[in-house]
Amino acid sequence: MSTESFDTSVLYVTLGCAKNEVDTDRMRSLLSAAGYGEATDAQSADVVIINTCSFLASATSESIETTLQLAEEVSDGIRNAPIVMCGCVPSRYGSDLPNELPEVAAFVRTDEEDGIVAVIDEVTGTVRSGTAMLPSIKRTVEGTVAYLKISDGCDRFCSFCAIPYIRGRYHSRSAASIFEEAKSLVAGGVRELVLIGQDTGIWGEDFDQTVEGPHTLAELLIELAEAVRPEPVWIRVLYLQPEGMTDELIATIRDTPEVLPYIDIPVQHCCERVLSAMNRSGSEEELEALFARLRREIPDMVIRTTYLTAFPGETEDEVDAMLDFMDRVGFDYTSVFPYSPEEGTRACEMPDQIDEATKVERTQRAIDLAESLGFAATASHVGETSLVIVDGVEEGEDGPELIGHAWFQAPDCDGAVHLDITDATVGDVLNVRFVDSFCYELVGEVVE
Ligand code: SF4
């Protein structure tokens, strides 16, 4: 491998979800191995990489606005750095972009990102003698939690969603590379591995089933827990579709100590007619039975979901049914997103699109209920004692305070624990009694 070192620095700007952070980390690792340094701002950078999001129209707009803002910043800088746009916007709008965005020197789709070194060499005029190889992963989020991508793409083609067109068909990452990355992350001090992908529950279904090795998410979780032992690591799974909750997976979550009894199943809706129009399966009865079973069979089960409000044709009765369903299931955490017509999706062409005022009103009703359920779920932990991972320091009303998260709080999603001490270190795991709560936050006292 040629690891040349030269004085060329890259600024990385990542928009969107945790999956994009993982992709940026991969590009950063490749470029670092190829000899590129890292810049801290656009004005001093030699090249700027912006990893974009295009999940919703608003995310696409934000990606383009940020790119134009970076273009202004680099033109004021000392090097007038070229900008390279990566990720979902090039994947989705590929051939239209060079004409629309002359400020950008190169566009890199998600499936081309492993070739980032050649692209950056070209835009910076770098000539090298060898080929850079992928080194161990460098993480964007230095600290206690790491996102571990186990798959990419999606085969479900929900009618509102552009992801399958952006990220391509579903493909599982190999177990060996997942274990290798997990071990290196844990050796580097990571305390929690958050498994992500567009559809984590079907991990391994696309493998040759005659070849030895884990073939299901449940098998992967069991072997991953074994791979990281004896370190006391928490393993959390996000983005499971209801069909992915097999008997085997339920038993694995219940019986594997490292795997948290926390599940994220974005149902989007409960009404069969709406689900069918969304190209999703299931019914209210089936979903309710699934959540009841999870709560019955897995002690202390915490459930997160998502409600996509104002899907085309959604009636007031269907809104009421969904809100009743949320209330009956008693979700601990619910993300609420208003439907947004995405170019190229089937839902975009559907009749009975909901007007903006109604969309806002339905979304607010859902948020109000989500908050009342979520705040109550958070408050229910007051009086409990639990382990808390220390994540960092935040500026509180009375000065800096330590912040951490408990097992029932997904990092960056579900609120945090505010601690009464200041002398712990990031990565410490403390025994904490929760003495108060506000909104999704808990106040904790460290106990021996
Ligand atoms: S499951 Fe549906 S919503 Fe999720 S990424 Fe796939 S197509 Fe999109």
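Atoms within each ligand, like the ligands themselves, are counted from 1 in listed order.
The main-chain N or O of G197 is never found under 3.5 Å from a side-chain atom of S151 such that the two would form a donor-acceptor pair. A donor-acceptor pair under 3.5 Å is absent between the side-chain atoms of Y262 and the main chain of V237, judged by distance alone.
Listed by chain and number, C154, R156, F157, C158, F160, C161, I163, P164, Q198, Q241, R280 each place a non-hydrogen atom less than 4.0 angstrom from ligand 1.
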**Request:** Evaluate the ring-ring contact (aromatic ring centres under 6.0 Å, His included) criterion for residues Y307 and Y333: first the C-alpha distance (whole Å), next the side-chain angles of each, then the deciding distance (0.1 Å), finally the verdict.
**Result:** CA-CA 11 Å; Y307 171 20; Y333 303 104; over 10 Å; no
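Under the rule for a side-chain hydrogen bond (donor to acceptor under 3.5 Å, both in side chains), E113 has no partner lying at least two apart in sequence or in another chain. The salt bridge (charged side-chain N to carboxylate O under 4.0 Å, His left out) test applied to D23 returns K149, R167, not counting sequence neighbours.
The salt bridge (charged side-chain N to carboxylate O under 4.0 Å, His left out) contacts involving residues 82-105 comprise R92-E342, where partners must be two or more places apart or lie in separate chains.
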